[in-house]
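Read the structure below first, then the notes.
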Amino acid sequence: MEPKHTDFIGVFDSGVGGISILRELTAELPNEDFLFYGDSANAPYGEKDEEEVRQIAEDLAQRLIDRGSKAIVIACNTATSAAAESIRSRYPGVPVVGVEPAVKPAAMELDHKKILVMATPMTLKRDKYKALAGRFSENAQLVPLACPGLAARIEQGSLEESDLKEMLEDLLLPYAGQVDGVVLGCTHYPFIQNEIREILGEIPFFDGARGTARELKRRLEAAHLLTERTERGKVVFDSSRKSLKELLLYEAFYEMN
């Protein structure tokens, strides 16, 4: 059941990808209640234009605020880059946390080495990513790789099927043995980390989930909005597709090892 009080944290993404962020959020803040909204009907965001993504994200944030969310997590790199600033300006009293490609920790750890940055086409086109990459261009050699269609394929589930392996091989085989680390710049990609590793080898992987969780905790503390409950919080799933199949898929991704 959905939390009846207004003490939950709203998390949204275009679909299952944001669940990789949700898992880190619940690990960092185990006593909080969370409502995860997967906008699978509009997935993937990373291949839409910026204005459309901004409008979708603003509408979803409003919906979560109307349902009583005390904080918003934009669990999507694309939606963060397109809409985080406008959502924060709309709700100045509400902590709003986004996610960005983990370029900084990768560049700091892999000093002056070659790092593959896998992301959606829109994320890599945005000025926000270009500025982020520019700040660390002297620390590491960043190699951007747009991955059209990959998030949408992960959204389907069935990650063991051969077509996904073939898609990854087409994208990644040119980089096998050529890079020293990988930034997973879309929240869908951590769910196929093992499949990516089979192609690129035993190199470090970086994603933005842990940083997002720590930032949410910091903002909740600063706003005096951390729950005082000591029991474990609830996690509720909702979807724009409004189907039991979709909700069961979300739960399966959340419980994935």
Side-chain angles (χ1 to χ4, degrees), residues 11-27 34-48 53 56 60 73-80 99 101-102 116-124 145-176 179 182-203 205-210 212 235-257:
V11 183
F12 74 86
D13 181 33
S14 61
V16 302
I19 296 172
S20 67
I21 303 294
L22 178 67
R23 284 156 49 123
E24 197 68 41
L25 297 174
T26 56
F34 289 88
L35 169 60
F36 177 85
Y37 190 94
D39 190 21
S40 294
N42 287 308
Y45 290 170
E47 293 167 43
K48 299 182 184 296
V53 173
I56 290 171
L60 289 179
V73 178
I74 308 170
C76 172
N77 290 273
T78 299
T80 297
V99 61
L116 188 67
V117 183
M118 298 175 63
T120 65
M122 182 179 160
T123 292
L124 294 178
L145 176 63
C147 302
L150 184 55
R153 174 58 187 83
I154 296 167
E155 193 74 25
Q156 298 172 19
S158 302
L159 303 183
E160 71 286 349
E161 297 294 332
S162 60
D163 67 306
L164 176 59
K165 182 178 180 181
E166 291 167 3
M167 178 183 286
L168 290 173
E169 288 177 343
D170 287 343
L171 285 166
L172 298 173
L173 276 176
Y175 302 97
V179 294
V182 182
V183 171
L184 301 174
C186 170
T187 56
H188 284 72
Y189 300 168
F191 291 114
I192 56 167
Q193 182 169 308
N194 290 336
E195 289 79 1
I196 295 171
R197 183 173 278 115
E198 286 180 5
I199 300 170
L200 295 182
E202 292 294 330
I203 56 178
F205 284 69
F206 303 85
D207 67 71
R210 182 165 296 180
T212 298
V235 178
V236 174
F237 294 98
D238 197 1
S239 169
S240 57
R241 280 190 176 153
K242 302 298 182 185
S243 71
L244 178 59
K245 179 181 179 181
E246 197 72 18
L247 297 179
L248 291 174
L249 182 67
Y250 291 173
E251 292 180 5
F253 271 85
Y254 183 69
E255 299 295 337
M256 187 182 293
N257 292 324

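The chain is numbered in sequence order, starting from 1.
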Q: Under the side-chain contact (heavy atoms from CB on, under 4.5 Å) rule, what do Leu168 and Glu198 come out as? Steps first, then yes or no, please.
A: CA-CA 10 Å; Leu168 290 173; Glu198 286 180 5; over 6 Å; no
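Atoms CD and CG, on Glu251 and Leu244 in that order, are 8.5 Å from each other to the nearest 0.5 Å. Summarising the geometry, atom CG belonging to Leu25 is positioned 10.0 Å from atom CZ belonging to Phe36; distances are rounded to the nearest 0.5 Å. Atom CZ of residue Phe205 and atom CG of residue Leu116 lie 9.0 Å apart, to the nearest 0.5 angstrom. Between atom CG of residue Asp39 and atom OH of residue Tyr45 there is a gap of 3.5 Å, rounded to the nearest 0.5 Å. Atom CD1 in Ile192 sits 3.5 Å away from atom CD1 in Ile154 (nearest 0.5 Å). The CD1 atom of Ile74 sits 4.5 Å away from atom CZ of Phe12, with the distance rounded to the nearest 0.5 Å.
Within a 6.0 Å sphere centred on NZ of Lys242, heavy atoms belonging to other residues, nucleotides or ligands number more than 12.
Residues Val235 and Tyr254 approach most closely at CG2-OH, 3.7 Å, considering heavy atoms. Scanning both residues, Gly46 and Thr78, for their nearest heavy atoms gives CA-OG1, 3.6 Å. Minimum interatomic distance between Ala209 and Ile21 (heavy atoms only, all atoms of both residues): CA-CD1, 3.6 Å. When every heavy atom of Ser20 is checked against every heavy atom of Thr187, the shortest pair comes out as OG-O, 2.7 Å. Leu171 and Ala146 make their closest contact through CD2-O, 3.9 Å (heavy atoms, listed as atom of the first residue, atom of the second, distance). Summarising the geometry of Cys147 relative to Tyr189, their closest heavy-atom pair is CB-OH, 3.3 Å, with the distance given to 0.1 Å.
Annotation: side chain of Val11 is not in contact with side chain of Tyr37 (no heavy-atom distance under 4.5 Å). Contact check for Ile199 versus Glu169: side-chain heavy atoms found under the 4.5 Å cut-off. Side-chain contact between Leu22 and Val73 is absent, with no heavy-atom pair separated by less than 4.5 Å. Residues Leu172 and Ile196 form a side-chain contact, since some pair of their non-hydrogen atoms from C-beta on lies under 4.5 Å apart. A 4.5 Å side-chain heavy-atom check between Asn42 and Lys48 finds at least one atom pair inside the cut-off. Pro101 is listed as a side-chain neighbour of Asn77, based on a closest heavy-atom distance under 4.5 Å.
Pairs of residues two or more places apart, or lying in two chains, that qualify as salt bridge (Lys or Arg N to Asp or Glu O under 4.0 Å) and include a residue from residues 17-26 are Glu24-Arg210.
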With a cut-off of 3.5 Å and sequence neighbours excluded, list every side-chain donor-acceptor pair involving residues 155-164.
unit_1: Glu155; atom_1: OE1; unit_2: Val16; atom_2: N; d: 3.1
unit_1: Glu155; atom_1: OE1; unit_2: His188; atom_2: NE2; d: 2.7
unit_1: Glu155; atom_1: OE2; unit_2: Val16; atom_2: N; d: 3.2
unit_1: Glu155; atom_1: OE2; unit_2: Ser40; atom_2: OG; d: 2.9
unit_1: Asp163; atom_1: OD1; unit_2: Arg153; atom_2: NH2; d: 3.1
unit_1: Asp163; atom_1: OD2; unit_2: Arg153; atom_2: NE; d: 2.7

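The backbone N or O of Leu184 sits nowhere less than 3.5 Å from a side-chain atom of Asp207 that would complete a donor-acceptor pair. Side chain of Ser14 to main chain of Pro44: no donor-acceptor pair is present (N/O by atom type, distance under 3.5 Å, no hydrogens or angles). For Glu195 (side chain) and Lys165 (main-chain N/O), no donor-acceptor pair under 3.5 Å exists by modelled atom type.
Using a 30° and 60° split on the angle between ring planes, Tyr250 and Phe237 fall in the tilted class, from 30° to 60°.
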